[in-house]
Amino acid sequence: MPIDFKALEEKWRREWEKARIFESDPIPDRRKCFVTVPYPYMDGPLHVGHGFTSTRVDIYARFRRMQGYNTLFPWAWHWTGEPIVGAALRLKRGDESMIRALKLIDGVSEEELEKLTDPAYMARYYTEDSKEVLKRLGLSIDWRREFHTTYLEPTYSRFIAWQYETLRSKGFVTKGTHPVVWCPHDESPTGDHDRLEGEGVSPEEYTLIKFRIANAFAPAATFRPETIYGITNMFVNPDAPYVEAFVDGERWIVSQKAAMKLKEQLRKVEVLREFKGSELVGKTFEEPIGGRSLPILPGWFVDPESATGLVYSVPSHAPVDWVAIRDLLEKPEKLQVFGISPEVVRSIKPISLIKVEGYGEHPAIEIVERMGIKDQLDARLEEATNEIYRKEFHTGILKPICGKYAGRLVSEVKAELIQEFKDAGIADSMYDLPRRVVCRCTTPCIVKILEDQWFLKYSDQDWKALAHKAVDLAAIYPESARSYFHQTIDWLRDWPCARRTGLGTPLPWSDDWIVETLSDSTIYMAFYTIRKHIVAYGLNEKQLTNEVFDYIFLEKGNLEEISRKSGLEASLLKEMRNEFLYWYPVDLRNSAKELIRNHLTFFIFHHVALFEQRHWPRGIGLNGYLMIEGAKMSKSKGNFVTLKKAVNSYGADATRLTLALGAQGMDDPDWRTSTAQEVRSRLEAFYNFVMELSSLEVKASNGHLEAWILARLQERIKQVTEELEALRTRSAAEIAFYEVWNDLRWYLRRVKAPDAATLKEFLGVWIRLLAPFIPFICEELWHRLGNRDFVSNAPWPLYDAKKVDEKALETERFLKDLLEDTQRVLQATGLKPRLVSYYTAAAWKYKAYRELLRLVGDGITDMGAIIRKLREDPYLAERSRLLPSFVNKALEEAKKLPKDRMRKLLELGFLNELEILKDASAFLADELHSTVIVYDEDDGKKYDPKNRASSARPGRPAIYVE
RNA sequence: GCGGAGGUAGCCAAGCCUGGUCCAAGGCGCGGGGCUCAGAACCCCGUGGCGUAGGCCUUCGUGGGUUCAAAUCCCACCCUCCGCACCA
């Protein structure tokens, strides 16, 4: 019978809302559980990836709630940042692909489309849309605490202002300068996601070696300043524009482009005159180490867009330099234009300065020849350069010509050398992009050094130490993620925490800056605790002074005074303080693993900076990144599944269970339509199955099969509980759903008439085990089973060791094994059995086996020794002749037995196999479609034409099939 | 380049930390059977190879090693994936 999941889910959603069962208030003396997920950014609809993370947390929350924890799961919305503004803007401009995506994927209607050009409207639109979906998904959220970020929610902005003023007063916010990739058109930093070209490119610092030409400096740019010891000449692009300019008071010669760039790097630049590169060619300059006078040669490979547009030449170690010189040697006519004598070039001798394994004197020349490089514009030069650079950097040793640096590794001395050159005034530096970067707005980017930039001082060693400590104190799920946090803490540098554009909260002391999006989302879990009061009492931002927050979160200040100044009742302040104290710390914050490197670690940093240790995070969970049909989810690729669509197509429970079964730990789950469909039909089957069973009214004996199924159930309770406590939601769902089902299947197969009372108990437990995963169906079934309260609030099943009937478990295990053995025989022989005879082992074999197990347990595994030992027993000695063949097989088996099972066997004693088989013979006959007879090996009247009975062993009766 | 994670049967995916119960859970798919007027659902059996008796042989990226015993521990190699920041 098909089930109307939609109506069922709708019904229970309303019931839960009506009964307000997920609205959590402090209950003194009751243990609490506070779980959160990062609030989603509202530039689009929620997708199944959001569903994955939040379902995991909801499963955990529901589990804890049933365990009796007063559980709080709040939710909020992130509006801070640039993308919402950007999206609204693109829409306004009529971006076609954007409009298509909005209509097709997000399901936006025509009349809404126009309104979405307002960023605030867009954020609100998606927020409303998403909230509805989350409710339909069955998340057990306390919606009274909902909020969104930015100045559009002044009380939140006030909270952020308090946070930043406090951080600043503690010295965690500092002002500094910093190079960024900059779009001159947008006048803002261009992050990776805002680029048309140049993903992953970041500013690199070039060293400038200052060469003297007459009364000016020609700063040539390099990443390898150590090669100065092998300089032979300089290259200038004769066709490119250069300038002479005052740079910070010095007369410099650089490319025209470089002069512009330097201006953006806090240099005072005053251009004196412009000229073509050819003007420099043929002149000489003085190198600063040996004071030699060297020539300037034409180099068409020199890119005036890169750094200073001046390159010094080290033909021994730089393939391009060598090839450029070779070009000039081969085509001296090119020199004549500039009036340079070919003799000048011919007299250039490469100077070797780095010794590197696998190469001789002049690595650059060798590689150029080996690769057969044509000329200075050959594309493979880049490859050659990389190869030489890498080799020389990691393994190269500087030669005696390098003076005080001789004998050391290049990689070792580089930083030191740069510093000393700078100190000596022969070097300087500038930033540039190693590759072209183009902004979304199509403008090529440059490097700009931002002044007055505000930073969170994550480089602070004391702060890092506290963060490390917080990670050590927290539970991390899975444990393997812990080291990621430590690494991230070490790796983190100062973080620019304010931007000029986008939505957000202004910096309280400088309102032309907005607190950046990753920086305004670090401690808002604390805000949840008091958001309830802000809404209920209609508090406004003016009342929420710094003193008020200080009191609530830090218990600072005098209550009466704060009350008087803020106009808030002292009792209310106290209530808020208590609410915070009750819920804090966060017991679990769960997110996708990619947030470790930013958000989650920021979250830790800010907590240790602001709160007492008892309020630091207690648990952090990580999960993988959701894939769609095996591929990364992306709107442009079209494989984007919104949460709404999933819930519409499969229903909330099927969506939840599909997600829960998807993956565990930090593995990436894969959303597949086929899986979701399968899960949905399994759920239908599950529902019908339970309904069918619950209506059975069979009064049956309370035999060992009932003991077995209930014992089995206890094991499952234990497993599911342990898995959930460790946030292993996948295993938990798998056991609760499939394994329990399999147990029940076996019971029903075994038992002729299932016992109604046992089934009732079983179903009651099963439904509760499943309630965190598929709450709607479970709620329905729970009520249909005659319960009047909500399963969402029902007590979680407790493992009861008293119900674990070991004998029953062993008995069924024995039968399953025997059935399996029999089937193997049938398979091997291809027989369709008419008669199956079983022979249980003779009494002496049990005695011998027990003794053997004991000996093996004591570490005696030598066959001869064991037989001798057994013969000491007169009873066994009588069967001396039979012992070897029995011991041979039994020993082999016993050696493989795991220790705890061996112990159990010895403790429990052996089963009465003959009796068990006699009881089960009808069942076995049924299963095997055959007559089944059972004998004791010692039975004198047994039917045993092929003398199989002698191979019977304890636990493994002999089998004869015909 | 630097740092990290991982490679398990047709597919997805457990196990690996703490070696033996591992030819290796569970699910999907596939084959066979049952139920049924038929189908779907459901139930049972099978799904590396060989085998007329519960067994044997070969398998857990590749190649070595440790061990009585290795998917599990050690070493080397091959391959895949992720992060490397001003941004949600």
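By convention in this document, chain letters (A, B, ...) are assigned in the order of the sequence lines, proteins followed by strands, and residues within each chain are numbered from 1. These values consider heavy atoms only, across backbone and side chains, with no hydrogens, waters or symmetry-generated copies.
When heavy atoms are screened at a 4.0 angstrom cut-off, Ala958(A) is found touching base atoms of the nucleic acid. At a threshold of 4.0 angstrom between heavy atoms, the contacts of Val181(A) with the nucleic acid are absent. Contacts of Glu820(A) with the nucleic acid, taken as non-hydrogen atoms under 4.0 Å apart, are absent. Residue contacts shown for Glu82(A) are limited to sugar-phosphate atoms, with no base heavy atom under 4.0 Å away. Counting any heavy atom pair closer than 4.0 Å across all strands shown, Pro957(A) reaches a base atom. Using a 4.0 Å heavy-atom cutoff across all strands shown, Glu927(A) reaches no nucleic acid atom at all. Residue-level contact check: Asp43(A) touches neither bases nor backbone, having no heavy atom under 4.0 Å from any strand. Within the nucleic acid shown, Leu492(A) comes within 4.0 Å of at least one base atom, counting heavy atoms only.
RNA chain B lies under 4.0 Å from at least one heavy atom of each of the following residues of residues 945-954 of chain A: Arg948(A), Ser951(A). Listed by residue number, Glu739(A), Trp741(A), Asn742(A), Arg745(A) are the residues of residues 739-746 of chain A with a heavy-atom contact under 4.0 Å to RNA chain B.
Among the nucleotides G55(B), C45(B), G51(B), the one closest to any side-chain atom of Arg824(A) is G55(B). The listed nucleotides are A53(B), C87(B), A25(B); the one nearest the side chain of Asn598(A) is C87(B). Between U52(B), A85(B), G26(B), one nucleotide has an atom nearer to the side chain of Glu734(A) than all others, and that is G26(B). Taking only side-chain atoms of Glu678(A), from C-beta outward, the nucleotide of U47(B), C28(B), G83(B) with the closest atom is C28(B). The side chain of Ala828(A) lies closest to G51(B), out of G4(B), G51(B), G54(B). Nearest to the side-chain atoms of Ser202(A) among the listed nucleotides A53(B), A14(B), A85(B) stands A85(B). Comparing C87(B), G55(B), U21(B) against the side chain of Arg956(A) picks out G55(B) as the nearest. Ranking A85(B), G54(B), C45(B) by closeness to the Asp821(A) side chain, first place goes to G54(B).
Look at CG on Asp668(A): it is 13 Å from C1' on U80(B), rounded to the nearest Å. In this structure, the CD atom of Gln827(A) is 12 Å from the P atom of C45(B), given to the nearest Å. Here G46(B) presents its C1' atom at 14 Å from CG of Leu819(A), a figure rounded to the nearest Å. Atom OH of Tyr839(A) and atom C1' of A53(B) are 13 Å apart (whole Å). The NZ atom of Lys593(A) sits 13 Å away from the P atom of C81(B) (whole-angstrom rounding). Counting to the nearest Å, the P atom of C87(B) and the CG atom of Asp494(A) are 17 Å from each other. Atom CG of Asp926(A) and atom P of C45(B) are 13 Å apart (whole Å). What separates CZ of Arg499(A) from P of A85(B) is a distance of 15 Å, to the nearest Å.
At least one side-chain nitrogen or oxygen of Arg749(A) sits closer than 4.0 Å to the OP1 or OP2 atom of C45(B). Between Arg597(A) and the phosphate of C87(B), there is no side-chain N or O to OP1/OP2 separation shorter than 4.0 Å.
Comparing Ala685(A) and Asp670(A) against RNA chain B, the residue whose closest nucleotide sits nearer the 5' end is Asp670(A). Nearest-nucleotide mapping onto RNA chain B: of Tyr738(A) and Leu818(A), the residue sitting toward the 5' end is Tyr738(A).
For G1(B), the paired base is C84(B) (Watson-Crick or G-U wobble, both distances below 3.5 Å). For C35(B), there is no paired nucleotide, since no Watson-Crick or G-U wobble pair has both relevant distances below 3.5 Å. Across the strands present, A76(B) finds its partner in U62(B); the criterion is a Watson-Crick or G-U wobble pair with both atom distances under 3.5 angstrom. Figure legend. U47(B) is base-paired to G29(B); pairs are counted as Watson-Crick or G-U wobble with both atom distances under 3.5 Å.
The pair Asp817(A)-Arg956(A) does not count as a salt bridge, with every side-chain nitrogen at least 4.0 angstrom from each carboxylate oxygen. Contact check on Glu715(A) versus Lys718(A) returns no salt bridge, with no Lys/Arg side-chain nitrogen under 4.0 Å from an Asp/Glu carboxylate oxygen. Note on Arg712(A) versus Asp743(A): salt bridge recorded, some NZ/NE/NH1/NH2 to OD/OE distance being below 4.0 Å.
Rounded to whole Å, the C1' atom of G63(B) lies 41 Å from the corresponding atom of U52(B). Straight-line distance between the C1' atoms of G29(B) and A38(B): roughly 24 Å, to the nearest whole Å. For the P atom pair drawn from G20(B) and A71(B), the interatomic distance equals 10 Å after rounding to whole Å. Across the P atoms, G6(B) and A14(B) are found 11 Å apart, a figure rounded to whole Å. Taking the P atom of each, G3(B) and A76(B) are spaced 15 Å apart, rounded to whole Å. Distance check on atom C1': G26(B) versus A13(B) gives 8 Å, rounded to whole Å. Spacing between G64(B) and G10(B) at atom P, rounded to whole Å, works out to 23 Å. To the nearest whole angstrom, the two P atoms, one in A25(B) and one in C45(B), are 14 Å apart.
The ring-ring contact (aromatic ring centres under 6.0 Å, His included) with Phe602(A) is formed by just one residue from the set Trp495(A), Tyr524(A), Phe485(A); it is Trp495(A). Partner of Leu659(A) under the side chain to side chain contact (heavy atoms under 4.5 Å, CB included) criterion, out of Val679(A), Asn623(A), Leu626(A): Leu626(A) alone.
Ring centroids of Phe686(A) and Trp766(A) are separated by less than 6.0 Å, placing the two rings close together.
Atoms CD1 and OG1, from Ile160(A) and Thr522(A) in turn, are 6.5 Å apart once rounded to the nearest 0.5 Å.
Under the rule for a ring pair (Phe, Tyr, Trp, His ring centres under 6.0 Å), the partners of Phe172(A) that lie at least two apart in sequence or sit in another chain are Trp463(A).
The backbone N or O of Tyr650(A) lies less than 3.5 Å from a partner atom in the side chain of Arg680(A), making a donor-acceptor pair. No donor-acceptor pair under 3.5 Å is formed between the side chain of Ser951(A) and the backbone N or O of Ala958(A). Under the 3.5 Å distance criterion, the side-chain polar atoms of Asp494(A) are left unmatched by any main-chain donor or acceptor of Phe455(A). A side-chain donor-acceptor contact under 3.5 Å links Ser930(A) to the backbone of Arg834(A).
Remark: ring of Tyr484(A) does not overlap the six-membered base ring of G3(B) in a stacked fashion, as centroids less than 5.5 Å apart with planes less than 30° apart are not both met.
Within the cation-pi definition used here (under 6.0 Å to the ring centroid, within 45° of the axis), Arg493(A) does not qualify as a partner of Tyr458(A).
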